[in-house]
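By convention here, the first residue in the shown sequence is residue 1.
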Amino acid sequence: MPENLRGNPAFERESIVTQHGIFALLVGTLTSQIQVKYQSLKGSPFDSHDVIMSVFLASLFIYATASVAEEMLRARESTYYTLVGNLRLFASALAAILLLVILAPVLGCIISVIWSCLFMRVAYESSRELSDILSQLTNKLLDMFTRLIARVKEEPNQPRV
């Protein structure tokens with residue numbers, strides 16, 4: 001594990017399990033509140049907030065996919081699981097905020113502005129990490145092609161059959 005992540009408790013296994021539990025509790029509570037709110041109304045949140053609910057479902061899918069990918073990368077002892085972990089954290093926060101927007105639009109909008117600022121900060125930090133990954137990949141590809149060209153030049157011309 002890289003040195004800069006050893007002190008970060010957000011990426012320890014126990015913390016991740018706790019984060020999943022908190023997210024499940026939060027989404028369960030908010031969906032129950034939405035159910036109570038729409039109990040007396042004829043419509044559903046899918047009728048009145050169709051875009052929000054569609055984005056909510058997409059963020060849930062991203063959360064679930066990122067959770068699985070994070071565990072797979074962690075099992076391979078890859079350092080890239082932090083990128084996927086950040087994606088998981090922000091997808092779960094987005095899902096909770098979208099449910100909050102349905103319940104309390106003003107509070108949901110205020111929290112979504114704060115979430116957007118945090119997202120931009122982490123996206124910037126992740127972009128630097130992604131550029132490092134791409135730089136390493138480019139260097140390895142150039143090295144591989146250089147060795148391949150050198151090997152082709154060393155071999156005598158063989159007649160083709």
Side-chain angles (χ1 to χ4, degrees), residues 1-138 140-141:
M1 186 178 293
E3 293 294 323
N4 62 344
L5 295 177
R6 288 198 178 156
N8 191 345
F11 293 106
E12 293 177 5
R13 286 194 185 274
E14 297 82 22
S15 177
I16 292 172
V17 171
T18 303
Q19 291 167 10
H20 287 308
I22 291 170
F23 177 65
L25 178 69
L26 186 60
V27 168
T29 302
L30 290 173
T31 53
S32 296
Q33 293 296 319
I34 290 172
Q35 189 175 18
V36 168
K37 178 180 179 179
Y38 279 87
Q39 182 175 329
S40 61
L41 302 175
K42 290 185 179 186
S44 75
F46 284 101
D47 296 333
S48 57
H49 301 285
D50 57 337
V51 174
I52 292 174
M53 292 304 290
S54 298
V55 175
F56 168 74
L57 291 175
S59 66
L60 274 182
F61 177 76
I62 292 169
Y63 171 79
T65 305
S67 296
V68 171
E70 183 179 16
E71 282 303 313
M72 290 172 62
L73 290 171
R74 198 179 265 283
R76 294 181 184 164
E77 297 180 359
S78 173
T79 59
Y80 306 134
Y81 72 91
T82 58
L83 292 172
V84 180
N86 285 335
L87 179 64
R88 174 186 54 82
L89 287 172
F90 281 101
S92 63
L94 178 62
I97 289 169
L98 290 171
L99 292 177
L100 187 59
V101 166
I102 293 173
L103 284 173
V106 174
L107 181 61
C109 289
I110 291 170
I111 292 176
S112 66
V113 168
I114 296 169
W115 176 86
S116 298
C117 293
L118 289 172
F119 178 77
M120 287 187 284
R121 178 177 166 246
V122 172
Y124 174 72
E125 291 172 1
S126 296
S127 69
R128 291 188 306 188
E129 192 172 337
L130 278 174
S131 69
D132 291 344
I133 292 169
L134 289 175
S135 174
Q136 291 173 2
L137 178 66
T138 304
K140 287 185 180 192
L141 284 173

Inset, instruction - Tell me, with the steps shown, if H20 and S67 meet side chain to side chain contact (heavy atoms under 4.5 Å, CB included). - result: CA-CA 9 Å; H20 287 308; S67 296; 3.3 Å; yes
Legend entry - Test item: M72 and V68 side chains (from C-beta on) under 4.5 Å apart, heavy atoms: yes
Inset, instruction - Measure the spacing between CG of L94 and CG of L89 and express it to the nearest 0.5 Å. - result: 12.5 Å
Legend entry - CZ/F119: more than 12 non-hydrogen atoms of other groups inside 6.0 Å: no
Legend entry - Stepwise side chain to side chain contact (heavy atoms under 4.5 Å, CB included) test for F56 and V27: CA-CA 11 Å; F56 168 74; V27 168; 4.2 Å; yes
Legend entry - Spacing of OG belonging to S116 relative to CD1 belonging to I111, to within rounding of 0.5 Å: 12.0 Å
Inset, instruction - Report yes if some heavy atom in the side chain of I16 is under 4.5 Å from a heavy atom in the side chain of R74; otherwise report no. - result: yes
Inset, instruction - Using modelled atom types only, decide if a donor and an acceptor are shared between the side chain of S135 and the backbone of S131 within a distance under 3.5 Å. - result: no
Inset, instruction - Find the distance between CD1 (I34) and NE2 (H49) and round it off to the nearest 0.5 Å. - result: 8.0 Å
Inset, instruction - State whether the number of non-hydrogen atoms from other residues, nucleotides or ligands found under 6.0 Å of Q35 atom CD is greater than 12. - result: no
Legend entry - Non-hydrogen side-chain atoms of L141 and L137 separated by less than 4.5 Å: yes
Legend entry - pair L99-Q33: side-chain heavy atoms closer than 4.5 Å: no
Legend entry - Any L60 side-chain heavy atom under 4.5 Å of F23 side chain: yes
Inset, instruction - Find the distance between CD1 (I97) and CD1 (I102) and round it off to the nearest 0.5 Å. - result: 13.0 Å
Inset, instruction - Could you grab the distance from atom OG1 of T31 to atom CG of L26, nearest 0.5 Å is fine? - result: 9.5 Å
Legend entry - Spacing of OG belonging to S92 relative to CD1 belonging to I62, to within rounding of 0.5 Å: 11.5 Å
